[in-house]
J.: 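There's a structure below that I have some questions on.
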Amino acid sequence: MGKALYIAEKPSVAQEFAKVLHIKARKQDGYLESEEAIVTWCVGHLVTMSYPEAYGEQYKKWSMETLPFLPDTFLYEVIPAVSKQFRVVSGLLNRADVDCIYVCTDSGREGEYIYRLVEQQADVRGKTRKRVWIDSQTEEEIRRGIREAKDLSEYDNLSASAYLRAKEDYLMGINFSRLLTLEYGRGISGYLNRKYTVISVGRVMTCVLGMVVRREREIREFQETVFYKPLAKLQDLDLEGEWKVSEGSDWYEAPGLYKEIGFLKEEDGLEFCRILKKTEPLEAAITRIEKKKEKKNPPLLYNLAELQNECSKRFKISPDETLKVAQELYEKKLITYPRTDARVLSAAVAKEIHKNLNGLMGYEEAVPFLQEIVAMNSHKNLAKTRYVNDKQITDHYAIIPTGQGLSALGRTSGITRDIYRLIVFRFLSIFYPAAVYNKLSVAFAVGKEQFSASVKVLEKEGYLKVGSKETEDAQQEQAGRFAKWNSLKKGSRLPVEDIYLKEGKTSPPKRYSSGSLILAMENAGQLIEDEELRVQIKGSGIGTSATRGEILKKLFHIKYLALNKKTQIVTPTMMGEMIHDVVRMSIPPMLNPDLTASWEKGLNYVANGEISAEEYDRKLKEFISRRTNVVKQLHNGAQLQRQYAQVQKIYQENGASHKRSARKRASGKEAEEKQAAADA
């Protein structure tokens, strides 16, 4: 009887499989072996796509004549830095005594691609191949994955999708980067003070650059509007009502209003207040009192994008750093697979959720909440809640704590423990009831004019007690106001203390943070903060949970985007804006989030078997060929030169402004130091 070979993505994962299989292995160079089994590993990618020059000497030099470059058959090669481990793995895959291969690379598109390339390059034939698909690295889950391993052929569609994604990125990068560099690189170099400029273009990367540049230009072009809102304050009630024009108002449909809530000119607002103050008697008639309860449900569980956004806001760390921590927690068995888009659990996991909860009894911070969950018995009804939905899961369910590996937590960094705590508390919150608020809305009339106000107080804390308590001061202030207003009755007439104006200003769009940019990528270029709406458009994202952080990292590395590490705010650089304009005036679809998302959706269709790989490949090559030929005929360099000059001027002015501010701060500090010395 032959041996089984288990191939993992990393050495650390291979060690976990060896433990679970109880392999008392003789440690060899690059693998572990016992009488029954062998465990080996990749070190990430061992094989990659060959550069164009491998297809012929004519492709070594960048030339318009060789574009578009669209090979019928793609070439692959072993990565030199890891060639030794490739030889080890290749030899094991082809060993005569190995009759069954268990593919244990990460359970996702990229993990599938890593193995398939190795198998292809090693020319493996005549072996039984099984796919181990797991959601965590706990012993129980690894055993289940091996026990339930399916024939590798069942993942052929996923493999086809992975190959297509790599080909798409490769062909767009090679063709469009060479094309735009040859056509526009020299023209842009003078403005960037460079001898030459390579214009890097990518299927997802360029689209993200476009999102950030568009946002920056919206901010730059924003025109602030100042407006004046009339307010009426009632005596002794701490009740300040905001005016809204109504049909009975003397100002109904009058020119100079701002969105029916105020005036564009201060003098008009002051005139409004002056006239209304003449009302005799100056009192308010209560026209409506509405009391209702509002429920706020616990949020859905974390997927990777949601976790990256939260960590960007709370801890000011980049998405790439968050993913590294999440991967560490996964490899230490503390959490489930992090590269997931789902924010819910499967029905199968819900049935066994008591195991996760029991395990968390070893995590001191969770114990008080776990005791309450047991008392409420809420874990037994989890399957009937919105947190369990098999239809919203593709490869993996949401990120949750496994309840295992806690002994390793103390040996991790502070930020690692903080992120683990976030994941645990989000998980525990779904077993709590909704927070309940009492909302009281009051409307009143002063003469013909209508005013309204509302107050909301927390009645039942519900899930908010799990790591997200509202401040007591804020609650007490709202509760005091609620108590005063609660005695009001419709038809009551109350004295008005004052009628006055409050100045308001419109705000420009916010710049993206690294976290909010990840969310916008997940939602096809839209920054959607409403979680219910995000769920509805799931699957329309730019990039994948596994790649978004790396894409941002590359944009920062090539200096198309800049990241403020203290605030995590993302802005374009001068070069980034110029590259954006090159693409905008040559291959504008590359900046379109909807189109980029549709490519990603197409890859999902291939993975699900809804369209063939051949159909996708044909459309991809048609797009590249058509766009390449269009650019060759454009001749719009002079037009772009004018655009470069405008961009350069903006950054020069900004640079001068920053220098003036820095000098002012420095002179102010120097004056403070002189004054301090004099005082001493």
Side-chain angles (χ1 to χ4, degrees), residues 1-47 78-79 81-108 111-155 327-328 330-334 336-337 355 359 402 404-408 411:
M1 185 177 172
K3 289 188 176 183
L5 171 65
Y6 297 82
I7 176 167
E9 195 165 314
K10 293 179 181 177
S12 60
V13 179
Q15 291 283 357
E16 292 302 322
F17 272 81
K19 283 180 192 173
V20 169
L21 293 163
H22 301 295
I23 293 176
K24 294 176 181 176
R26 302 186 303 275
K27 190 170 183 183
Q28 306 292 338
D29 191 4
Y31 65 99
L32 302 164
E33 184 172 4
S34 70
E35 294 299 323
E36 302 82 22
I38 307 166
V39 179
T40 189
W41 53 86
C42 304
V43 278
H45 279 277
L46 298 179
V47 178
V78 176
I79 299 168
V82 290
S83 59
K84 181 182 176 183
Q85 187 60 18
F86 173 79
R87 288 194 297 272
V88 169
V89 175
S90 176
L92 293 170
L93 287 168
N94 286 297
R95 249 173 62 168
D97 62 339
V98 169
D99 59 7
C100 184
I101 299 164
Y102 283 88
V103 181
C104 310
T105 48
D106 277 0
S107 304
E112 192 70 18
Y113 186 54
I114 285 172
Y115 172 74
R116 297 284 184 140
L117 286 179
V118 171
E119 180 182 279
Q120 172 186 293
Q121 202 70 10
D123 194 24
V124 179
R125 299 181 188 185
K127 309 280 185 180
T128 299
R129 303 161 306 151
K130 291 184 175 291
R131 184 55 156 113
V132 178
W133 197 272
I134 58 176
D135 287 295
S136 72
Q137 289 193 22
T138 62
E139 287 192 20
E140 186 177 10
E141 180 67 0
I142 289 173
R143 281 199 201 94
R144 184 204 61 75
I146 294 171
R147 187 174 63 249
E148 298 176 6
K150 297 177 182 177
D151 192 271
L152 187 66
S153 62
E154 293 197 31
Y155 296 85
Q327 185 68 23
E328 178 191 357
Y330 170 66
E331 290 177 13
K332 292 184 184 300
K333 305 184 186 182
L334 284 152
T336 56
Y337 190 68
K355 295 177 181 177
T402 61
Q404 298 187 32
L406 288 164
S407 59
R411 299 191 295 275

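Residue numbers run from 1 in the order of the sequence given. For the numbers below, each heavy atom of this structure counts, side chains included, while hydrogens, waters and symmetry mates do not.
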J.: I'd like to know if K127 and E119 make a salt bridge, using a cut-off of under 4.0 Å between side-chain N and carboxylate O.
T.: no

J.: Quick check: closest heavy atoms across F86 and V118, and the distance to 0.1 Å?
T.: CE1-O, 4.0 Å

J.: Check step by step if side-chain contact (heavy atoms from CB on, under 4.5 Å) holds for E139 and K333.
T.: CA-CA 9 Å; E139 287 192 20; K333 305 184 186 182; 4.1 Å; yes

J.: Search all heavy atoms of V88 against all heavy atoms of G30 and return the closest pair with its distance.
T.: CG1-O, 3.7 Å

J.: Does the side chain of L406 come within less than 4.5 Å of L334's, by heavy atoms?
T.: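 The answer is yes, as the side chains (C-beta and beyond) meet within the 4.5 Å cut-off.
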
J.: Considering only NZ, NE, NH1 and NH2 on the basic side and carboxylate oxygens on the acidic side, decide whether E112 and R131 come within less than 4.0 Å.
T.: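 Judged by the 4.0 Å cut-off on N to carboxylate O distance, E112 and R131 do form a salt bridge.
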
J.: How far apart are the C-alpha atoms of L117 and L46, what are their side-chain angles, what is the distance that settles it, and do they pass the side-chain contact (heavy atoms from CB on, under 4.5 Å) test?
T.: CA-CA 8 Å; L117 286 179; L46 298 179; over 6 Å; no

J.: As an exercise, state the distance from SG of C100 to NZ of K130, rounded to the nearest 0.5 Å.
T.: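 Output value for this atom pair is 6.0 Å.
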
J.: Closest approach of A14 and A8, non-hydrogen atoms and distance?
T.: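 Heavy-atom minimum between the residues: N-CB, 3.8 Å.
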
J.: Within a strict 4.5 Å, meaning less than it, do heavy atoms of the I146 and Y102 side chains meet?
T.: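 Yes, their side chains come closer than 4.5 Å.
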
J.: Do V47 and Q120 have side chains that get closer than 4.5 Å, going by heavy atoms?
T.: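 In short, these two side chains do not touch, never coming nearer than 4.5 Å.
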
J.: Which atom pair, heavy atoms only, marks the closest approach of S136 to I142?
T.: O-CG1, 4.5 Å

J.: Just by modelled atom types, is the G108 backbone N or O under 3.5 Å from a matching donor or acceptor in the D106 side chain?
T.: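 No: the side chain of D106 does not pair with the backbone of G108.
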
J.: How long is the span from the SG atom in C104 to the CD1 atom in I134, to the nearest 0.5 Å?
T.: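 Nearest 0.5 Å value for the SG-CD1 distance: 7.5 Å.
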
J.: Output the distance between atom CG (L5) and atom CG (D97), rounded to the nearest 0.5 Å.
T.: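 It is 9.5 Å, given to the nearest 0.5 Å.
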
J.: Of all residues at least two apart in sequence or in a different chain, which pass the salt bridge (Lys or Arg N to Asp or Glu O under 4.0 Å) check with K332?
T.: none

J.: Measuring from atom CD of E16 to atom NZ of K10, what distance do you get when rounded to the nearest 0.5 angstrom?
T.: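 If we round to the nearest 0.5 Å, E16:CD and K10:NZ are 13.0 Å apart.
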
J.: Output yes when R143 and E140 qualify as a salt bridge under the 4.0 Å nitrogen-oxygen rule, no when they do not.
T.: no

J.: Check whether any side-chain N or O of T40 sits under 3.5 Å from a backbone N or O of Y31 as a donor-acceptor pair, and report yes or no.
T.: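 Not confirmed, T40 side chain does not pair with Y31 backbone.
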
J.: Are T336 and T402 packed together at the side-chain level, in the sense that at least one heavy-atom pair is separated by less than 4.5 angstrom?
T.: yes

J.: Give the intermediate values and the outcome of side-chain contact (heavy atoms from CB on, under 4.5 Å) for residues D29 and K84.
T.: CA-CA 10 Å; D29 191 4; K84 181 182 176 183; 3.2 Å; yes

J.: Answer yes or no: are there more than 12 heavy-atom neighbours, outside R147 itself, under 6.0 Å from its atom CZ?
T.: yes

J.: Between atom CG of D151 and atom CZ of R129, what is the distance when rounded to the nearest 0.5 Å?
T.: 7.0 Å

J.: Any heavy-atom pair between the side chains of V124 and N94 that's under 4.5 Å?
T.: yes

J.: Determine whether D135 and S107 make a side-chain contact, defined as any pair of heavy atoms from C-beta on separated by less than 4.5 Å.
T.: no

J.: For the residue pair W133 and Y155, does the interplanar ring angle fall in the parallel (under 30°), tilted (30 to 60°) or perpendicular (over 60°) class?
T.: parallel

J.: Does the plane of the ring in Y6 sit parallel, tilted or perpendicular to the ring in F17? Use 30° and 60° as the thresholds.
T.: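 Taking F17 first and then Y6, their aromatic rings sit tilted (interplane angle of 30° to 60°).
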
J.: Any idea which heavy atoms bring I114 and C42 closest together, and the distance?
T.: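 That would be CG2-SG, 4.0 Å.
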
J.: Might you work through the side chain to side chain donor-acceptor pair (under 3.5 Å) test for Q327 and E331, ending with a clear yes or no?
T.: CA-CA 6 Å; Q327 185 68 23; E331 290 177 13; 2.9 Å; yes

J.: Would you say that E36 contacts I23 through its side chain, given a criterion of any heavy-atom pair below 4.5 Å between the two side chains?
T.: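 A side-chain contact under 4.5 Å is absent here.
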
J.: Test your reading of the model: is there a side-chain donor-acceptor pair from Q85 to the backbone of W41, 3.5 Å cut-off?
T.: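 Side chain of Q85 to backbone of W41: a pair is present.
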
J.: For residues L93 and Y115, determine if any side-chain heavy atom of one lies less than 4.5 Å from a side-chain heavy atom of the other.
T.: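 L93 reaches Y115 side chain to side chain.
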
J.: Looking at every heavy atom in both L32 and A18, which two are closest together, and how far apart are they?
T.: CD1-CB, 3.8 Å

J.: Once you round to the nearest 0.5 Å, how far does OG1 of T105 lie from CD1 of I7?
T.: 7.5 Å

